[in-house]
Amino acid sequence: MAKFAANLSVMFNDVPFTERFARAANAGFKGVEYLFPYEEPEEKLATLLKQYELTQVLFNMPAGDWESGERGIACLPGREQVFVDGVHKALAYALALDCKQVHAMAGKLDEQFTLEQQNECYIKNIQYAADVLAEYDINVLIEPINVRDMPGYFLTTQGQAEVLLKLINRKNVFIQLDLYHCQIMEGDLLRTIERLWGKFKHIQIASVPERSEPDNGEINFFWLFSKLDKMGYEGWIGCEYNPIGHTEEGLGWFIKAQL
């Protein structure tokens, strides 16, 4: 049976961030993920996880100046030291929260650099992160993001991610397979899952096109959940969707998925 992680950056967001852990646990979730933990002390988050018996499934490495529009810096030449500092900051949180995977956002393409320069920068940065985190049995995840929601993003398709995995050549680097982004960019989800089997360690879901509860929209997620079960998927499924109303009111899909 699938293991679902509530994404606390978008779910239960009618209350402050630290109050969302209790709401997720009370709703029946056993795991949580979110974009960034860095505004809260590691010890406080660790206490919340222990108090509500939640597994920290995933969070992002520092992603540059988010407020000014940066969406990661891994592909940006000249920002290597900032990336390195972010790796070690993420490591400190991952160890405190017993989190075994972190996502390194790639960043947006910069016209002052060639694509080859940004490719080279990205590969070297992910290799560095992987080497540091491998000592602690932590995986680095890379995620293709669709061009509609994030124009200009460096990493946009699963095919591109597959090529990069080969070039990065590290055993603890995997794809973060967000089926919402994948459906928009490529579709053919089951065949994509089959092709990528063994190359991804985390799945995320949301309806297409609205990015709301997964029982809306054009994807038959219940059918995919069944297929994943039969294929033996043992990872988490992150619920990175925007609830239409109060989160609890839209959890009928979650109850159905666990039957």
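The figures that follow rest on heavy atoms only: side chains count, while hydrogens, waters and symmetry mates do not. Since the model is a prediction, treat every value here as computed from it, not as a measurement.
The side-chain contact (heavy atoms from CB on, under 4.5 Å) test with Cys182 is passed by exactly one of Ile203, Thr192, Val208: Thr192.
At a threshold of 4.5 Å between non-hydrogen side-chain atoms, the residues Gln81 and Asp85 count as touching. Contact annotation: the side chain of Ile142 approaches that of Leu165 to within less than 4.5 Å [non-hydrogen atoms, C-beta and beyond]. Counting heavy atoms from C-beta on, the side chains of Ile237 and Lys3 never come closer than 4.5 Å. The shortest distance between side-chain heavy atoms of Gln158 and Glu186 falls below 4.5 Å. Side-chain contact check for Arg23 versus Asp14: some heavy-atom pair is nearer than 4.5 Å. Side-chain atoms of Asn172 and Ile138, non-hydrogen and from C-beta on, never get closer than 4.5 Å to each other. Under the 4.5 Å side-chain criterion, counting only non-hydrogen atoms from C-beta, Pro62 is in contact with Tyr38. Between Thr47 and Lys50 there is no side-chain heavy-atom pair separated by less than 4.5 Å.
Taking each heavy atom of Ile126 and Ala74 in turn, the nearest pair found is CD1-CB, 4.3 Å. Here the closest non-hydrogen pair linking His103 and Asn60 is ND1-OD1, 2.8 Å. Nearest heavy-atom pair, Lys201 versus Tyr233, reported as atom, atom and distance to 0.1 Å: O-OH, 3.8 Å. Between Glu213 and Pro243, the closest heavy-atom pair is OE2-CA, 3.4 Å. The minimum heavy-atom distance linking Gln118 with Pro77 is given by the pair CG-CD, 4.1 Å. Taking every heavy atom of both residues into account, Gln56 and Leu49 meet most closely at CB-CD1, 3.7 Å.
Other residues, nucleotides and ligands contribute more than 12 heavy atoms inside 6.0 Å of the NZ atom of Lys100. Heavy-atom neighbours of His246 NE2 from other residues, nucleotides or ligands within 6.0 Å: at or below the threshold of 12. Other residues, nucleotides and ligands contribute at most 12 non-hydrogen atoms within 6.0 Å of the CD atom of Glu234.
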Handout entry: Full working for side-chain contact (heavy atoms from CB on, under 4.5 Å) between Glu143 and Ile175
Key = CA-CA 6 Å; Glu143 179 191 21; Ile175 293 171; over 6 Å; no
- Trace of the side-chain contact (heavy atoms from CB on, under 4.5 Å) decision for Ile193 with Phe200: CA-CA 9 Å; Ile193 289 168; Phe200 61 88; 4.0 Å; yes
Query raised in the report: Is there a ring-ring contact (aromatic ring centres under 6.0 Å, His included) between Phe36 and Phe59 once you walk through the steps?
Result: CA-CA 6 Å; Phe36 307 108; Phe59 61 84; 9.0 Å; no
Take Leu48 and Thr18, measure what side-chain contact (heavy atoms from CB on, under 4.5 Å) needs, and give me the verdict at the end. CA-CA 8 Å; Leu48 288 168; Thr18 54; 3.9 Å; yes
Next item on the list: Would you sort out whether Phe154 and Leu76 count as a side-chain contact (heavy atoms from CB on, under 4.5 Å), showing the intermediate values?
Entry: CA-CA 10 Å; Phe154 171 81; Leu76 298 179; over 6 Å; no
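Taking the six-membered ring for Trp and the full ring otherwise, the centers of Phe29 and Phe254 sit less than 6.0 Å from each other. Taking the six-membered ring for Trp, Phe4 and Trp253 have ring centres closer than 6.0 Å.
For Lys124 and Glu80, the salt-bridge test fails: no basic side-chain N is under 4.0 Å from an acidic carboxylate O. For Asp110 and Arg79, the salt-bridge test fails: no basic side-chain N is under 4.0 Å from an acidic carboxylate O.
No chain of hydrophobic side-chain contacts below 4.5 Å, direct or via other Ile, Leu, Val, Met, Phe, Trp or Tyr residues, connects Met185 to Met105. Side-chain heavy atoms closer than 4.5 Å link hydrophobic residues (I, L, V, M, F, W, Y) into clusters, and following such links, possibly through other members, connects Met150 to Ile184. Linking Ile, Leu, Val, Met, Phe, Trp and Tyr whenever their side-chain heavy atoms come within less than 4.5 Å leaves Val10 and Ile244 in two separate clusters. When the side chains of ILVMFWY residues are joined at heavy-atom separations under 4.5 Å, either directly or via intervening members, Ile255 and Tyr241 end up in two distinct hydrophobic clusters. Val147 and Leu155 are not part of a single hydrophobic cluster, where members link through side-chain heavy atoms under 4.5 Å apart.
Atoms CD1 and SG, from Ile73 and Cys121 in turn, are 9.0 Å apart once rounded to the nearest 0.5 Å. The distance from the NE2 atom of His202 to the CG atom of Asn139 is 12.0 Å, given to the nearest 0.5 Å. In this structure, CZ on Phe221 lies 10.0 Å from CG on Leu228, to the nearest 0.5 angstrom. The line from CG of Leu35 to CH2 of Trp66 is 5.5 Å long, rounded to the nearest 0.5 Å. Between atom CD of residue Glu240 and atom OH of residue Tyr34 there is a gap of 14.0 Å, rounded to the nearest 0.5 Å. One finds the CG atom of Asp178 at 9.5 Å from the CD1 atom of Ile205 (value rounded to the nearest 0.5 Å).
Cation-pi check for Lys256 over Phe222 is met; the charged atom lies under 6.0 angstrom from the ring centroid and within 45 degrees of its normal.
Remark: the Gln204 side chain and the Glu33 side chain contain an N/O donor-acceptor pair separated by less than 3.5 Å. Residues Asn146 and Tyr153 have side chains that never bring a donor and an acceptor to within less than 3.5 angstrom of each other.
Between the Arg20 side chain and the Leu8 main chain, a donor and an acceptor come within less than 3.5 Å of each other. A donor-acceptor pair is defined here as one N or O able to donate and one able to accept, closer than 3.5 Å; no such pair exists between the side chain of Ser212 and the backbone of Ser207.
Under a 4.5 Å side-chain heavy-atom criterion applied to ILVMFWY residues, the cluster that includes Leu141 comprises Val57, Leu58, Phe174, Trp236 as well.
A salt bridge (Lys or Arg N to Asp or Glu O under 4.0 Å) check over residues 153-176, counting only residues at least two apart or in different chains, returns the pairs Asp131-Arg170, Glu162-Arg195, Glu162-Lys199.
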